[in-house]
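Okay, handing you the structure first.
What's counted below: heavy atoms across the whole structure, side chains too, no hydrogens, waters or symmetry copies. Treat the numbers as computed from the prediction; the structure is a model and nothing was measured. Start at 1 with the first residue, then count along the sequence.
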Amino acid sequence: MTITFGREICSDLAIAQQREWLVTNGIGGYASGTVAGLPTRSYHGLLVAALKPPLDRTLLVTHLDEQVDYGKLSLPLSTTRWVDGTVAPRGYEQIEQFGLEGTIPVWQFAIADARLEKRIWMEPGANTTLISYRFERGSLPLQLTVKGLVNYRGYHSRTQAGDWRMDVQPVDRGLKVTAFPEATPFYLFATWGKWAIAPEWYRDFELAVEAERGLDDRDDNLRVGSLTVTLNPGETLCLIASTEASPDLDAAASLQRYQDRTQAKLQQWQAANPTLADQAPDWVRQLVLAADQFIVDRPLPNHPQGKSILAGYHWFADWGRDTMISLPGLTLATGWPDLAREILLTFAQFVSQGMLPNRFPDDGNPLTDADYNTVDATLWYVEAVRQYLDCSGDKTLLAEIFPVLQNIIGWHQRGTRFNIHLDPQDGLLTAGAAGVQLTWMDAKVGDWVVTPRIGKPVEINALWYAALRSLAHFARCLGQPSTDYDQLAEATLQGFQRFWQADRGYCFDVLDSPTGSDASLRPNQLLAISLGCDRDQPALLTPDQQQQVVTLCGQQLLTSFGLRSLDPRHPQYQGHYGGDQTQRDAAYHQGTVWAWLLGSFAIAHYAAFGDRALAAQVLQPIAHHLQTAGLGTISEIFDGDAPFLPRGCIAQAWSVGEILRAWTVIHQTAVSPDPAAIALT
């Protein structure tokens with residue numbers, strides 16, 4: 001997909017600062033910023049290193065203050081906004097064009113008849129960022145001066161420098177920065193030229209997006225030194241920011257490796273889906289590249305090749321729920337089943353009392369019971385295994401983890417943490433404890449759980465049913481008894497009809513909560529249709545019920561970029577996601593639009609009505625979204641009210657994964673609904 005902007009975007013600061021780029025290194029580190037070159041978040045930086053991969057992400061190199069001298073012109077290339085509102089320098093005014101080459105951001109700066117190209121990428125598997133400047137054309141030599149601004153803070157934090165003195169020392173072709181004695185040293189290198197050491201704090205950077213989020217919007221950064229070189233047309237300077245003392249300084253070779261890897265990823269996808277790849281629109285190809293940005297190493301002592309999935313950029317770690325929801329789209333739909341296998345094996349190591357952890361602590365500390373506060377992550381794990389097996393036929397893996405899967409079902413039957421247990425009266429799974437959020441609707445402010453959903457949530461029981469059918473299938477594949485799982489599944493199938501509200505034409509969201517059953521119209525019930533629609537098993541809802549659910553969700557919840565988390569007619573509906581953390585969390589699942597649910601809706605629509613073209617049409621607006629917010633990827637959430645502005649993370653794993661999976665399922669799978677399709681209302 002061609003994502004390219006000219007001066008109509010680049011020279012309009014209000015717009016250019018809202019479009020963000022992202023490059024990653026596969027171990028949790030990244031570089032990110034705006035088209036304008038203006039840092040607007042605490043998470044923006046040229047080197048945000050994962051010091052304990054894939055976590056302990058630390059901002060090391062923040063920004064480069066760049067200036068060119070060409071003939072009699074002296075112009076900035078960088079842009080900064082200060083806390084008093086002043087924008088100086090205003091380098092965005094020199095940007096003639098910005099675009100993505102794969103996932104690499106590329107700027108073209110125009111200075112009279114001179115044109116300077118800048119691009120940024122990372123070395124896979126290393127906390128190393130490369131920034132290249134190529135003098136493409138001009139009638140005179142061009143002098144480029146670059147000042148390096150650094151920091152050393154957790155990416156959630158801010159720096160008020162005070163009298164902090166970092167140690168800055170010269171090394172061959174660069175600078176070594178040691179923020180304090182116990183800190184990890186990092187380096188700034190140049191392929192040629194010589195750095196001049198000149199430490200000075202630049203104070204009071206404004207971070208506009210943090211102000212919008214009700215957070216501290218001030219940050220200080222240390223200028224460690226400057227570099228001045230003279231470029232002739234055709235010459236390139238590359239700067240390398242790294243935690244390695246001796247990184248490869250061959251920038252051309254590094255760029256070629258990055259490009260080769262990108263091409264290899266696309267070729268794997270094409271080889272796995274040759275027919276689909278030929279008909280895939282460009283935006284699907286772009287999402288295949290975006291998928292790779294979330295997959296990271298999580299080495300374990302007994303599984304050094306371990307893999308995981310970061311839930312979202314910039315601030316999420318690897319969450320159990322997000323990993324398992326996004327795994328099929330990010331690894332199977334893309335033709336990378338080996339990665340899926342490693343992720344499944346990695347997470348099998350963390351199953352405790354039949355549960356996967358909700359999240360891993362950012363500080364790398366050992367897991368505690370509190371980290372297992374999720375009722376759905378484990379059930380999504382079983383579904384991910386099922387989809388992996390369907391894709392790969394890998395019975396070796398199945399045999400290895402089948403005892404873990406049996407353990408999961410057994411613990412859920414007899415009861416595990418947070419009152420998660422099977423109700424033998426109706427075959428449904430119940431869960432919940434006061435003050436704990438267990439489902440994906442997990443916003444919590446202090447002791448206030450915004451959507452507690454204690455009882456029997458509809459999507460949890462759809463997942464439970466799918467897990468039981470999967471275990472029966474797995475047992476048969478391995479020649480083991482399956483009767484118990486079949487019987488449990490039949491009981492859940494019968495009990496699930498308790499969710500149906502014949503008078504309203506949709507499902508309860510939660511049954512048997514402390515305050516009764518919750519009749520709110522939410523999108524969770526779509527999983528009762530989309531889960532398992534690609535396999536031969538009795539459906540939880542009748543064909544007529546499926547069509548009623550999809551139609552009503554389409555009328556009340558569907559937007560261009562996802563589904564509202566609550567019916568706009570509900571008195572607690574909130575159509576804007578913004579303000580401080582309390583305001584944002586209060587709206588998070590009370591109307592905010594979630595992109596990942598668009599995949600479930602599209603698949604459910606196809607399953608219910610059988611119209612491939614109409615179901616695929618639901619996904620098409622995502623193509624336009626890829627050119628806003630996080631470029632080439634999909635945001636976490638959107639406002640519930642039009643124009644559905646993007647919010648939250650600029651790149652979310654399950655958003656990308658579920659859209660990719662839905663597009664693939666719709667174009668691969670044959671369904672035979674009854675009756676025939678009807679149009680969306």
Side-chain angles (χ1 to χ4, degrees), residues 1-5 9 18-22 99-100 102-103 266 269 273 276-277 279-294 311-313 322 325-334 523 526 530 550 553-554 557-565 577 592-606 611-668 680:
M1 180 178 186
T2 301
I3 297 178
T4 305
F5 308 123
I9 298 295
Q18 295 177 5
R19 284 164 167 77
E20 302 176 55
W21 54 270
L22 170 72
L100 287 186
T103 56
L266 282 173
W269 167 67
N273 307 280
L276 287 186
Q279 60 178 295
D282 286 345
W283 64 266
V284 171
R285 295 173 180 271
Q286 187 67 49
L287 286 184
V288 172
L289 299 181
D292 185 46
Q293 296 183 313
F294 301 100
Y313 292 95
D322 298 58
I325 291 175
S326 59
L327 182 149
L330 297 185
T331 64
L332 303 180
T334 53
L526 290 166
S530 62
V550 172
C553 287
L557 305 180
L558 180 65
T559 73
S560 299
F561 304 124
L563 270 75
R564 296 183 180 95
S565 45
Y577 178 85
T592 296
V593 168
W594 289 79
W596 79 273
L597 293 168
L598 192 63
S600 296
F601 179 84
I603 293 172
H605 191 282
Y606 182 43
D611 190 322
R612 191 189 307 272
L614 194 57
Q617 192 179 88
V618 170
L619 304 175
Q620 290 176 357
I622 291 296
H624 302 291
H625 171 63
L626 265 58
Q627 301 179 65
T628 63
L631 299 174
T633 189
I634 304 178
S635 296
E636 176 192 10
I637 54 177
F638 301 78
D639 281 342
D641 291 344
F644 313 117
L645 295 177
R647 306 290 185 185
C649 284
I650 66 166
Q652 192 78 359
W654 60 10
S655 299
V656 173
E658 280 295 272
I659 298 299
L660 273 175
R661 186 178 74 89
W663 188 89
T664 303
V665 167
I666 289 167
H667 288 85
Q668 273 186 340
L680 280 172

- request: Any pair with a residue in residues 630-656 that passes salt bridge (charged side-chain N to carboxylate O under 4.0 Å, His left out), sequence neighbours left out, goes on the list, sorted by first then second residue, please.
  value: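 Every salt bridge (charged side-chain N to carboxylate O under 4.0 Å, His left out) pair that includes a residue of residues 630-656, provided the two are not neighbours, is Asp639-Arg647.
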query: Arg19 and Gln627: which non-hydrogen atoms are nearest, and at how many Å?
result: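 Between these two residues, the closest heavy atoms are NE-O, 3.1 Å.
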task: Mind checking the CH2-CG spacing from Trp283 to Leu626? Nearest 0.5 Å is all I need.
output: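 Reported value, rounded in 0.5 Å steps: 8.5 Å.
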field: Nearest-0.5 Å distance that lies between atom CD1 in Ile659 and atom CG in Leu598
entry: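 The CG atom of Leu598 is 4.0 Å from CD1 of Ile659, to the nearest 0.5 Å.
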- request: Identify the heavy atoms of Ser565 and Pro523 that sit nearest to each other, and give their distance.
  value: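 Taking every non-hydrogen atom into account, O-CD, 3.7 Å.
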field: Backbone of Ala629 reached by a side-chain donor or acceptor of Gln18 within 3.5 Å
entry: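 Side chain of Gln18 to backbone of Ala629: no pair is present.
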query: So which heavy atom on Leu619 is nearest to which on Ala602, and how close?
result: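 Heavy atoms only, the tightest pair is CD2-CB, 3.8 Å.
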- prompt: Just by modelled atom types, is the Ile325 backbone N or O under 3.5 Å from a matching donor or acceptor in the Arg661 side chain?
  reply: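 A pair under 3.5 Å: no.
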- prompt: In Å, rounded to the nearest 0.5 Å, how long is the span from CG of Leu597 to CH2 of Trp654?
  reply: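 Rounded to the nearest 0.5 Å, the CG-CH2 separation comes to 8.0 Å.
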query: If you round to the nearest 0.5 Å, how far is CG of Leu631 from CD of Gln286?
result: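 Spacing of CD (Gln286) from CG (Leu631) equals 9.0 Å.
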query: Does a side-chain heavy-atom distance below 4.5 Å link Trp269 with Val284?
result: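 Heavy-atom side-chain distance check passes, below 4.5 Å.
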Sequence neighbours excluded - salt bridge (charged side-chain N to carboxylate O under 4.0 Å, His left out) pairs with any residue from residues 615-634: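 Sorted pair list comes back empty.
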query: Ala651: what forms a side-chain contact (heavy atoms from CB on, under 4.5 Å) with it, not counting sequence neighbours?
result: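 Ala651 satisfies side-chain contact (heavy atoms from CB on, under 4.5 Å) with Leu22, Phe294, Tyr313, Thr633 once adjacent residues are dropped.
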field: Side chain His605, main chain Phe601, donor-acceptor under 3.5 Å
entry: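 Pair absent, no side-chain N/O of His605 close to backbone of Phe601.
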message: Rounded at 0.5 Å granularity, tell me how far CG in Asp292 sits from CG in Leu287.
response: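 The distance works out to 13.0 Å.
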message: Using side-chain heavy atoms (C-beta onward) and a distance below 4.5 Å, is Ile637 in contact with Tyr577?
response: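 A side-chain contact exists here, since the closest heavy-atom pair is under 4.5 Å.
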task: Just jot down the ring-ring contact (aromatic ring centres under 6.0 Å, His included) partners of Trp21, sequence neighbours excluded, or say none.
output: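 ring-ring contact (aromatic ring centres under 6.0 Å, His included) list for Trp21, sorted by chain: Trp107.
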- prompt: With distance as the sole test, does Arg564 use its side chain to make a donor-acceptor pair with the main-chain N or O of Thr592 at under 3.5 Å?
  reply: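 Not at all, since once roles are kept as given, no pair shorter than 3.5 Å links the two residues.
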- request: Starting at OG1 of Thr103, measure out to CG of Leu289 and round the result to the nearest 0.5 Å.
  value: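 Reported value, rounded in 0.5 Å steps: 6.5 Å.
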query: With sequence neighbours excluded, what pairs up with Ala595 under the side-chain contact (heavy atoms from CB on, under 4.5 Å) test?
result: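 Residues passing side-chain contact (heavy atoms from CB on, under 4.5 Å) with Ala595: Ile634, Phe638, Ser655.
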task: For residues Gln279 and His667, report the shortest heavy-atom separation together with the two atoms involved.
output: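 So the minimum-distance heavy-atom pair works out to OE1-CD2, 3.6 Å.
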Closest heavy-atom pair and its distance - Thr664, Ala333: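 So the minimum-distance heavy-atom pair works out to OG1-CB, 3.6 Å.
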message: Please determine whether side-chain contact (heavy atoms from CB on, under 4.5 Å) holds for the pair Leu563 and Trp594, giving the CA-CA distance in whole Å, both sets of side-chain angles, and the decisive distance to 0.1 Å.
response: CA-CA 6 Å; Leu563 270 75; Trp594 289 79; over 6 Å; no
query: What residues form a side-chain contact (heavy atoms from CB on, under 4.5 Å) with Ser560, not counting sequence neighbours?
result: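 Residues passing side-chain contact (heavy atoms from CB on, under 4.5 Å) with Ser560: Pro621.
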- request: Ignoring hydrogens and angles, tell me if any N or O in the side chain of Asn273 forms a donor-acceptor pair with the backbone of Leu276 under 3.5 Å.
  value: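 No; judged by distance alone, with no hydrogens or angles, the pair does not exist.
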task: Would you mind reporting whether Leu526 and Cys553 have side-chain heavy atoms less than 4.5 Å apart?
output: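 Touching, per the 4.5 Å side-chain cut-off.
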task: Could you tell me whether a side-chain N or O of Arg285 sits under 3.5 Å from a main-chain N or O of Leu266, the two making a donor and an acceptor?
output: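 No.
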Closest approach of Asp322 to Ser326 (non-hydrogen atoms, all atoms of both residues):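 Closest approach of Asp322 to Ser326: O-OG, 2.6 Å.
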field: side-chain contact (heavy atoms from CB on, under 4.5 Å) partner of Ser635, chosen from His625, Gln652, Glu20
entry: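 That would be His625.
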